Number of protein chains: 2
Amino acid sequence: MSDTARRKSPTRIQREKREAILEAALDVFSTHGFRGATLDLIADAAGLSKPNLLYYFPSKEEIHRTLIGQLMEIWLAPLRKIDPGGDPVSEICAYVERKLEISRDLPRESRLFANEVLRGAPHVGDMLQGGLKALVDEKAAVIRAWSEAGHLAPVDPHHLIFSIWAATQHYADFDTQVAMVLGPRDATRYEDARAFLLGLYARGLRPLPAR
Amino acid sequence: MSDTARRKSPTRIQREKREAILEAALDVFSTHGFRGATLDLIADAAGLSKPNLLYYFPSKEEIHRTLIGQLMEIWLAPLRKIDPGGDPVSEICAYVERKLEISRDLPRESRLFANEVLRGAPHVGDMLQGGLKALVDEKAAVIRAWSEAGHLAPVDPHHLIFSIWAATQHYADFDTQVAMVLGPRDATRYEDARAFLLGLYARGLRPLPAR
DNA sequence: GTCAATTTTGACCATTTGGTCATAAATAGC
DNA sequence: GCTATTTATGACCAAATGGTCAAAATTGAC
């Protein structure tokens with residue numbers, strides 16, 4: 001009755017084709033959104049016929065759900081790594097760097113996620129709801145403790161986290177706009193962004209001198 | 001031959017219905033995206049039949065284009081207001097406040113815009129391209145001058161602007177996610193965001209003491 | 001090679017959707 | 001009220017789209 005019990009161990013072809021489909025779907029969903037993505041587009045990109053694609057996944061929505069599921073871990077991992085025992089400002093700055101790296105290295109994932117949240121997360125619902133709030137609250141408590149101990153400027157931890165999410169993901173999600181302003185993507189873009197953001201947060205979070 | 005010449009002055013009904021359609025379309029486009037929005041949905045929301053809707057606008061794309069056009073001015077206005085003669089840190093902070101107010105008061109407009117940029121701005125192209133880069137470069141030069149004169153911490157002006165866009169729009173565009181973490185929207189949300197962001201930028205941009 | 005299981009495909013279907021059109025209803029000028 | 005113009009609608013259309021199905025091709029175990 002359970003999924004894993006019913007599904008005998010997948011064949012080599014199943015593993016390869018499902019992987020190819022998810023890769024193609026990530027491309028298509030992230031550039032066209034859920035509604036704009038068509039099964040034909042995904043099938044073409046994966047080098048399969050549409051019925052063949054539907055042999056591996058029961059529906060368009062299921063492909064999408066699978067992708068979002070894989071995404072969540074990538075998305076939350078950097079936050080999870082914040083170490084309550086580390087140096088506060090360094091920990092936050094390292095978090096900024098990790099998020100920025102994801103924005104640079106996995107822009108499709110970032111855009112897929114943005115697409116979903118923008119529309120009110122209609123296809124993920126609880127999948128997002130689940131771990132997100134708990135993890136954020138946990139790390140927010142760590143940050144609050146740092147502030148109260150005087151090791152970090154007194155800031156609202158939730159809004160600090162939001163600002164980091166926003167500032168880093170911006171480079172993936174709004175790449176078009178960034179490119180319109182800065183010109184075509186070049187090697188220094190992420191280096192400049194990194195330098196700016198680390199500077200901003202380092203100065204903005206440094207504990208205030210006693211007064 | 002020109003549009004304004006051909007179109008005799010619009011009647012009262014024309015003005016009212018076009019307005020109602022744009023209002024309805026803003027709702028529908030901002031929550032479903034361009035592809036997800038249907039003419040039936042827009043027509044229903046505007047209280048019109050579909051053919052009647054198409055009597056006022058020639059196509060779905062034209063409705064969308066009109067909305068984006070109206071949007072651009074709203075979107076750019078806060079940046080335009082930055083005064084080269086004002087106090088640098090105050091000017092930037094006031095800019096943050098203006099952007100945050102737009103995020104709070106016009107979230108549909110913000111999401112419509114985000115939807116468009118996320119997909120590579122396929123429907124706006126030059127409309128965005130036009131004034132954006134010129135205005136941003138102009139204000140970036142002002143900020144750079146402030147930094148060089150020692151009235152502002154030395155920061156990359158373009159990335160500073162990006163971070164402000166990102167952090168403020170986040171509350172409109174990713175409202176779903178914010179609500180998942182903070183719980184249902186309440187009166188203090190924007191007040192807390194404002195306090196955090198003004199603090200961050202005030203501390204982060206304050207000119208460094210001579211060393 | 002044989003045979004069963006897996007994989008692939010062309011043909012097909014129902015629904016949705018952007019858009020048209022002829023005609024009917026409403027409105028405005030007189 | 002009469003007439004010309006504007007506004008509204010039901011019926012309809014072609015294309016796109018998610019998905020099905022029976023049959024064919026391929027693969028793997030022996």
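In this text the structure is predicted, and so the values were computed from the model without any measurement. Note: hydrogens, waters and symmetry copies are ignored here, and every other heavy atom, side chains too, is used.
Atom pair B/H64:NE2 and C/dG19:P shows a separation of 13 Å (rounding to whole Å applied). The distance between atom CG of A/L54 and atom P of D/dT17, rounded to the nearest whole Å, is 14 Å. One interatomic measurement links the two molecules: CZ of A/F57 to P of D/dG18, which rounds to 16 Å at whole-angstrom precision. Note: CD1 (B/I21) to P (D/dT7) measures 11 Å, nearest angstrom. Atom-to-atom, CD1 of B/I42 to P of C/dG19 comes out at 10 Å; the value is rounded to the nearest Å. The separation between B/D40 atom CG and C/dG19 atom P is 12 Å, rounded to whole Å. Note: CG (B/D44) to P (C/dG18) measures 12 Å, nearest angstrom. Atom CD of B/E16 is separated from atom P of D/dT6 by 17 Å (rounded to the nearest Å).
Relative to the side chain of A/S59, the nucleotides C/dT7, C/dT20, D/dG19 differ in distance, and D/dG19 lies closest. For A/Y56, the side-chain atoms get nearest to C/dT7 when compared with the rest of D/dT7, D/dG19, C/dT7. Ranking C/dT7, D/dG18, C/dT17 by closeness to the A/K60 side chain, first place goes to D/dG18.
Geometrically, A/R18 engages A/F57 in a cation-pi contact, judged by NZ or CZ lying under 6.0 Å from the ring centre and within 45° of the ring axis.
Side-chain atoms of B/S163 never come within 3.5 Å of backbone atoms of A/A167 as a donor-acceptor pair (strictly under, hydrogens ignored). For the pair B/K99 (side chain) and B/P78 (backbone), a donor-acceptor distance under 3.5 Å is absent. A side-chain donor-acceptor contact under 3.5 Å links A/K139 to the backbone of A/I82. Looking at A/K17, its side chain never comes within 3.5 Å of a backbone N or O of A/Y55 through a donor-acceptor pair. Remark: the backbone N or O of B/A172 is paired with a side-chain donor or acceptor of B/S103 at under 3.5 angstrom.
Contact between the side-chain N/O atoms of A/R35 and the OP1/OP2 oxygens of C/dT17 is found at a separation under 4.0 Å. Look at B/Q14 and you won't find any side-chain N or O under 4.0 angstrom from OP1 or OP2 of D/dT6.
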Expected rows: protein N/O vs nucleotides 22-29 of chain C N/O, under 3.5 Å:
none

Taking N or O atoms only and anything under 3.5 Å, show me the protein contacts with nucleotides 9-13 of chain C, one pair per line.
from: C/dT9; atom 1: OP2; to: A/S49; atom 2: OG; distance (Å): 3.2

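Using a 4.0 Å heavy-atom cutoff across all strands shown, A/A43 reaches no nucleic acid atom at all.
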**Request:** Applying salt bridge (charged side-chain N to carboxylate O under 4.0 Å, His left out), run through B/R108 and B/E23 and close with a yes or a no.
**Result:** CA-CA 10 Å; B/R108 295 176 306 172; B/E23 166 67 23; 2.9 Å; yes

**Message:** One pair to check against ring-ring contact (aromatic ring centres under 6.0 Å, His included): A/H159 and B/Y171. What are the steps and the verdict?
**Reply:** CA-CA 10 Å; A/H159 290 280; B/Y171 293 97; 5.5 Å; yes

**Message:** side-chain hydrogen bond (donor to acceptor under 3.5 Å, both in side chains) for B/D175 and B/H170? Distances and angles first, verdict last.
**Reply:** CA-CA 7 Å; B/D175 176 69; B/H170 189 80; over 6 Å; no

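Side-chain contact annotation: B/W75 with B/Q169, donor-acceptor N/O pair under 3.5 Å present.
For the helix from C/dG1-D/dC30 to C/dC30-D/dG1, the end axes, each set by the C1' atoms of five terminal pairs, are bent relative to each other by 20° (nearest 10°).
Ion pair A/E191/A/R194 flagged as a salt bridge, since at least one NZ, NE, NH1 or NH2 atom sits closer than 4.0 Å to an Asp/Glu carboxylate oxygen.
Between B/F34 and A/H32, a ring centre-to-centre spacing not shorter than 6.0 Å is recorded.
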